[in-house]
Amino acid sequence: MDVNLLLTLFAGAILVLSTFSTLFQRLSLPGPLLALAFGVLIGPHALGLLRMEDFGVPQGTLLEQAARITLAVGLAGVALRLPHGYWRKNLRWIAVIIGLGMALMLVVATGVLWWGLGVPFLVALLVGAIVTPTDPVVTTPIVTGSMAEEKVTERVRHNISAESGLNDGLGYFFVMLPVLLLTAPDTAWQELLTKVLLREVLGAAVIGVLAGYLLGKLFVFVQDKGLMEESSYLAFVVPLALLLLGAGKLLGTDAVLVVFVGVAVFGQVIPQREEEQEDRVQDAVSRLFLLPIFVLLGMALPLAEWAALGWGPPVILLAAVLVRRLVTVWMLRPLFTSLHDRSETVFLSWFAPVGVSALFYATLAERHTGQHEVFVYTTLAITASVVVHGLTSAPLSAWLQHHEPQLNEEEHSA
């Protein structure tokens with residue numbers, strides 16, 4: 001592989017997408033969508049400039065590890081965007097959308113897939129579990145940046161961010177259920193409760209809380225004592241996220257959940273003013289880590305296998321992604337009516353895209369089960385979601401701004 005060609009293509013794409021990010025967002029062409037299209041263009045299906053084989057690593061391994069690292073950095077950014085006191089003030093939303101919402105989205109998605117694809121129930125359950133979590137990377141254009149701040153209410157942005165962070169980590173529990181039923185049916189439930197739930201999920205939460213608190217206190221201490229050359233948490237955050245990702249895995253826990261919980265606690269411990277001061281810098285640096293995975297995915301899309309499926313599966317997969325959210329949010333709306341009005345509920349019921357987390361869990365599931373069709377279906381769902389949610393981000397954000405008195409008042413006062 002020509003390293004210089006790789007650097008030119010990837011860095012050039014990130015440079016263009018970062019330079020014109022505001023323009024692209026207002027045209028409803030967010031970074032993940034354009035990066036995905038660029039990956040298709042330079043990959044074997046178009047110009048053939050780069051192939052997955054050129055990296056010298058099995059495709060599944062490369063995508064899984066790249067998605068894992070991207071998730072860590074993306075989740076760190078999500079966790080730090082939440083203001084001090086957020087978790088205490090929004091327990092009802094978290095309890096409803098995570099405690100009840102994830103289970104309901106899993107049921108709806110699985111039902112649509114089992115009915116529409118005609119695959120075995122456990123395969124439908126596995127793909128349904130993979131597409132259940134809201135992706136923190138694909139939601140970035142509607143929760144950060146000038147367009148989001150101008151057109152989307154703060155409570156909606158914060159609640160989408162918190163949900164996408166938590167359910168990505170907890171999604172591991174849902175994905176492992178069908179994985180274990182497919183690979184070890186005799187001991188699946190026992191292993192799910194003892195190993196997955198108690199050790200990997202709850203262990204991740206405990207490790208994340210302890211690590212985030214201790215490192216947050218360390219950060220405050222070195223700042224107060226003048227031991228840091230720069231008053232910057234950015235130099236802390238990316239290494240912190242990667243440290244928690246690696247250590248969490250070495251300790252046998254759900255490392256993705258360790259990252260989100262750890263950085264969320266860290267963000268609540270450090271001074272609030274630091275978070276606000278460097279938010280723009282953090283978002284800019286995050287693009288360097290978040291966009292390359294979509295270029296890789298564009299190169300790896302199994303277009304020939306999609307073509308062999310016909311027109312039915314793409315429609316069913318998109319329906320599963322959209323309907324799972326629409327049904328869940330409107331069914332649960334009586335439980336959070338006081339938190340979000342009708343226009344915000346419409347917005348929340350639409351924007352729950354799938355992306356990097358689904359790619360990570362799909363490659364993990366394929367590695368455990370050998371079910372390649374799971375990868376084929378999931379990448380199709382991701383692509384459909386990135387396209388549909390990406391193209392509708394600007395118009396629906398503008399619609400929300402028009403229907404929200406709070407945003408209209410801020411616009412007129414400005």
message: Under the rule for side-chain hydrogen bond (donor to acceptor under 3.5 Å, both in side chains), what residues qualify as partners of Asp168, not counting sequence neighbours?
response: Ser357
query: Phe294 versus Val137: any side-chain heavy-atom pair under 4.5 Å?
result: yes
task: May I have the step-by-step check of side chain to side chain contact (heavy atoms under 4.5 Å, CB included) for Val376 and Leu309, ending in yes or no?
output: CA-CA 10 Å; Val376 175; Leu309 294 174; 4.1 Å; yes
- prompt: Mind checking what makes side-chain hydrogen bond (donor to acceptor under 3.5 Å, both in side chains) contact with Thr110, not counting sequence neighbours?
  reply: none
task: Using a 4.5 Å cut-off on heavy atoms from C-beta on, say whether the side chain of Leu33 contacts that of Phe24.
output: no
With Ser338 via side-chain hydrogen bond (donor to acceptor under 3.5 Å, both in side chains) - residues at least two apart: Arg92
message: Would you say that Tyr361 contacts Thr378 through its side chain, given a criterion of any heavy-atom pair below 4.5 Å between the two side chains?
response: no
task: Report yes if some heavy atom in the side chain of Val196 is under 4.5 Å from a heavy atom in the side chain of Leu180; otherwise report no.
output: yes
query: Does any non-hydrogen side-chain atom of Ile42 lie less than 4.5 Å from one of Val295?
result: yes
query: Can you find a heavy atom in the side chain of Leu80 that is under 4.5 Å from one in the side chain of Val263?
result: yes
task: Enumerate the residue pairs fulfilling salt bridge (charged side-chain N to carboxylate O under 4.0 Å, His left out) with a member in residues 188-208, sequence neighbours excluded, ordered by first and then second residue.
output: Lys195-Glu200
message: So, using side chain to side chain contact (heavy atoms under 4.5 Å, CB included) as the criterion, who are the partners of Gln190 when residues are at least two apart?
response: Thr194
Side chain to side chain, Leu166 and Met102, heavy atoms closer than 4.5 Å: no
query: Which atoms form the tightest heavy-atom contact between Ser161 and Leu82, and what is the distance?
result: CB-CD2, 4.2 Å
task: Kindly indicate whether the side chain of Leu318, heavy atoms from C-beta on, has any atom under 4.5 Å from the side chain of Ser385.
output: no
field: Exam field: side chain Thr383 to backbone Leu380, donor-acceptor pair closer than 3.5 Å
entry: no
query: Could you give all pairs that pass the ring pair (Phe, Tyr, Trp, His ring centres under 6.0 Å) test and reach residues 152-198, with sequence neighbours left out?
result: none
- prompt: Restricting to pairs with a member in residues 350-365, which pass salt bridge (charged side-chain N to carboxylate O under 4.0 Å, His left out), not counting sequence neighbours?
  reply: none
message: For Ile130 and Phe375: C-alpha separation, side-chain torsions, deciding distance, then whether side chain to side chain contact (heavy atoms under 4.5 Å, CB included) applies.
response: CA-CA 10 Å; Ile130 289 170; Phe375 177 79; over 6 Å; no
- request: Give the minimum heavy-atom separation between Leu245 and Ala255, together with the two atoms involved.
  value: O-CB, 3.3 Å
- prompt: How would you list all residue pairs meeting salt bridge (charged side-chain N to carboxylate O under 4.0 Å, His left out) that involve residues 357-375, not counting sequence neighbours?
  reply: Glu64-Arg367
Short side-chain to backbone donor-acceptor contact, Thr253 and Lys249, under 3.5 Å: no
For Met299 against Gly43, the heavy-atom pair lying closest together: CG-CA, 4.1 Å
query: Do Ile142 and Arg157 pass the side chain to side chain contact (heavy atoms under 4.5 Å, CB included) test, and can you show the C-alpha distance, the side-chain angles, and the key distance before you say yes or no?
result: CA-CA 7 Å; Ile142 61 170; Arg157 287 186 278 117; over 6 Å; no
- prompt: Do the ring planes of His340 and Phe336 sit parallel (below 30°), tilted (30 to 60°) or perpendicular (above 60°)?
  reply: perpendicular
With sequence neighbours excluded, residues passing side chain to side chain contact (heavy atoms under 4.5 Å, CB included) with Leu117: Leu113, Val119, Pro313, Ile316, Leu317, Tyr377
side-chain hydrogen bond (donor to acceptor under 3.5 Å, both in side chains) partners of Thr22, counting only residues at least two apart: none
query: Taking the side chain from Trp93 and the backbone from Asn159, do they hold a donor-acceptor pair closer than 3.5 Å?
result: yes
message: Strictly by ring pair (Phe, Tyr, Trp, His ring centres under 6.0 Å), give each pair with a member in residues 108-151 just once, sequence neighbours left out.
response: Trp114-Phe121
message: If I compare all heavy atoms of Val123 with all of Gln371, which pair ends up nearest, and what's the gap?
response: CG2-OE1, 4.1 Å
statement: Between Gly208 and Val261 the two heavy atoms that sit nearest each other are C-CG1, 3.8 Å
field: More than 12 heavy atoms of other groups within 6.0 Å of Tyr213 OH
entry: no
message: Over 60° means perpendicular and under 30° means parallel, so tell me whether His389 and Phe351 are parallel, tilted or perpendicular.
response: tilted
statement: Residues pairing under side chain to side chain donor-acceptor pair (under 3.5 Å) where one sits in residues 322-331, two or more places apart or in two chains, turn out to be Glu163-Arg325, Trp330-Ser349
